[in-house]
2 protein chains.
Amino acid sequence: MAAVTGLKIGEVSKQTGVAVGGLRYYESLGLIQSARGDNSYRYYPPETVRQVQFIKKAQALGFSLDDIGEVLTVHHQGDVPCEFVQELLQGKIQQLEAQISEMVVFKAELERYRDRWAANHPHPQPGDICPLIEAIPLTAPA
Amino acid sequence: MAAVTGLKIGEVSKQTGVAVGGLRYYESLGLIQSARGDNSYRYYPPETVRQVQFIKKAQALGFSLDDIGEVLTVHHQGDVPCEFVQELLQGKIQQLEAQISEMVVFKAELERYRDRWAANHPHPQPGDICPLIEAIPLTAPA
DNA sequence: CTAAACGCTACAGCTGGCTATAGCATCAAG
DNA sequence: CTTGATGCTATAGCCAGCTGTAGCGTTTAG
C-alpha cells in the first residue's frame, strides 16, 4: 500500500473551476500529471492547482493548449519559459492586429455598399434583383 | 436531350479554386443551386462563379456560411427585399464594429502584459512557471 | 449497512467547414 | 471500344476543447 497522497480530481476541479472532464482531458494531453492509487483514482500534487490556473490564464491570452504544452515542456526542462512566452505573445498580438485591419477594411466596404444603396435607392436595372446585392463584390473589387 | 446548360461542377471548381466537395457542401446548405441533367450531373448557371467568389470573400472576413446563406437565399428567392438586406447588412456592420472594438481592447491588454514584462523582468517566485503569465488575474472561475 | 456522492474507462457528440473514401455511373478522347 | 477523367451518393473523419453518457467500482456520511 503505497502512501499515495494528493488532491482527488473533484478537489482540483472545485479549486480551479475546471470541470472534472476537462482535467482528465488536460491530463490526456500531458499538461498535468497524477499518481494513481490502488483504487485507480487520480491523485494530484498540490501544485496542480497552480498549473491549471496557469493554463486558464494562458488560454485567456489566446494561447491554444498546444502552445501551453510547449511552454510547460520548456518549464519541465528546468528553464524559465518567459522568452518563449513573450514570442508567442508577440505573435498573438500581430495576428490580432492583422485581423483587426482586415475587419476594418471590410466594414468600410460594407458601409460603402449600404450607403450607396441608401443614396441611390431603388433604381433596379433590367436584370437586377436588388441593386444592393448586385453591388456586393462577387469579384475582387476593381 | 434535356435543355440543361451550364457549368459542370469541376468547371466551377477550377474557376473559383473551391474544391468540388466544397461546392457540393455549399449546395447542400442552399448557398448555390444547380439544375440536374438526365445523368444527374449538376449544371450551374454562369453567375455561380461570382456567387462562390462572394462566399469566399465574405468568409475570409469572418462571415459564417449561415450569414452568407441568409443573403444568398434572399438573392435566390428572386424577391426585391432590399429593405431586409439593408437591415441584415446594418446588423453585420454593427456586429463587426463590436468585434473590432473587442479585439482592439484585447490587443491593448496583451501589449500591456508584454510591455510590463519587458520593462521589468520579474524574478520567478517559487512555484511560478512564468511570471509573465502568473501576473495575470484569473477572471471569476465559472 | 446503506445509499449518495464520487471516481473510473470508453466512447459519442458538439460546432463549422470542409476533406476523404468507397463504390458505382457517365462522359470524352483516342 | 476502351480507358481515364469526371461525376454521383453516402458516409466517415478532421480540427479544438471540451461535454455528456453508459456502466461500472470506491468512498464516505449517516
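The sequence lines fix the lettering, A, B, ..., with proteins before strands; numbering per chain opens at 1. Any value given below was found using the heavy atoms of this structure, including those in side chains, with hydrogens, waters and symmetry copies removed.
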Gap between atoms OH and P, on A/Y25 and D/dT21 respectively (whole Å):
20 Å
Phosphate OP1/OP2 of D/dG7: any B/R42 side-chain N/O under 4.0 Å
no
Separation of atom OH in B/Y44 from atom C1' in D/dC8, rounded to whole Å
12 Å
Could you check how far CG of A/L29 sits from P of D/dC15, rounded to whole Å?
13 Å
Members of residues 9-16 of chain B that approach DNA chain D, where some heavy atom sits under 4.0 Å away:
B/I9, B/G10, B/K14
Within the structure, does a side-chain N or O atom of B/R24 lie under 4.0 Å from either OP1 or OP2 of C/dA20?
no
d(CG, A/L23; C1', D/dC18) in whole Å:
12 Å
For the residue pair A/I55 and A/L65, what are the closest heavy atoms and their distance?
CG2-CD2, 4.0 Å
Go through A/Q53 and A/K56 one step at a time and tell me if the side-chain hydrogen bond (donor to acceptor under 3.5 Å, both in side chains) criterion holds.
CA-CA 5 Å; A/Q53 286 167 348; A/K56 289 277 110 186; over 6 Å; no
Are B/V52 and B/Q15 close enough that some pair of their side-chain heavy atoms sits under 4.5 Å apart?
no
Can you give me the closest heavy-atom contact between B/G6 and B/Y43, atom names plus distance?
O-CD2, 3.8 Å
Partner of B/Y44 under side chain to side chain donor-acceptor pair (under 3.5 Å), chosen from B/E11, B/E27, B/K8:
B/E27
Atom pair distance, as rounded to whole Å: CG in A/D67 and P in D/dC15
16 Å
Look at the side-chain N and O atoms of B/Q59 and state whether any lies under 4.0 Å from the OP1 or OP2 oxygen of C/dC18.
yes
Taking C-beta and beyond as the side chain, do A/L23 and A/S13 meet within less than 4.5 Å on heavy atoms?
yes
Taken to the nearest whole Å, CZ/B/F63 to P/C/dC18 is 16 Å
If a protein heavy atom is under 4.0 Å from the base, mark B; if only from the sugar-phosphate, S; if neither, -; do that for nucleotides 23-30 of chain C going 5' to 3'.
---BS---
If pairs are Watson-Crick or G-U with both distances under 3.5 Å, what is the dot-bracket string of DNA chain D, marking crossing pairs with [ ] and pairs to another strand with |?
||||||||||||||||||||||||||||||
Given side chains that start at C-beta, do those of B/Y25 and B/L31 come closer than 4.5 Å, heavy atoms only?
no
Taking the side chain as C-beta and beyond, is there a heavy-atom pair between A/F63 and A/V71 under 4.5 Å?
no
Side-chain heavy-atom pair A/L61, A/K92 within 4.5 angstrom cut-off
no
Do A/Q90 and A/E87 have side chains that get closer than 4.5 Å, going by heavy atoms?
no
Do A/Q59 and A/I68 come close enough that some side-chain heavy atom pair is under 4.5 Å?
yes
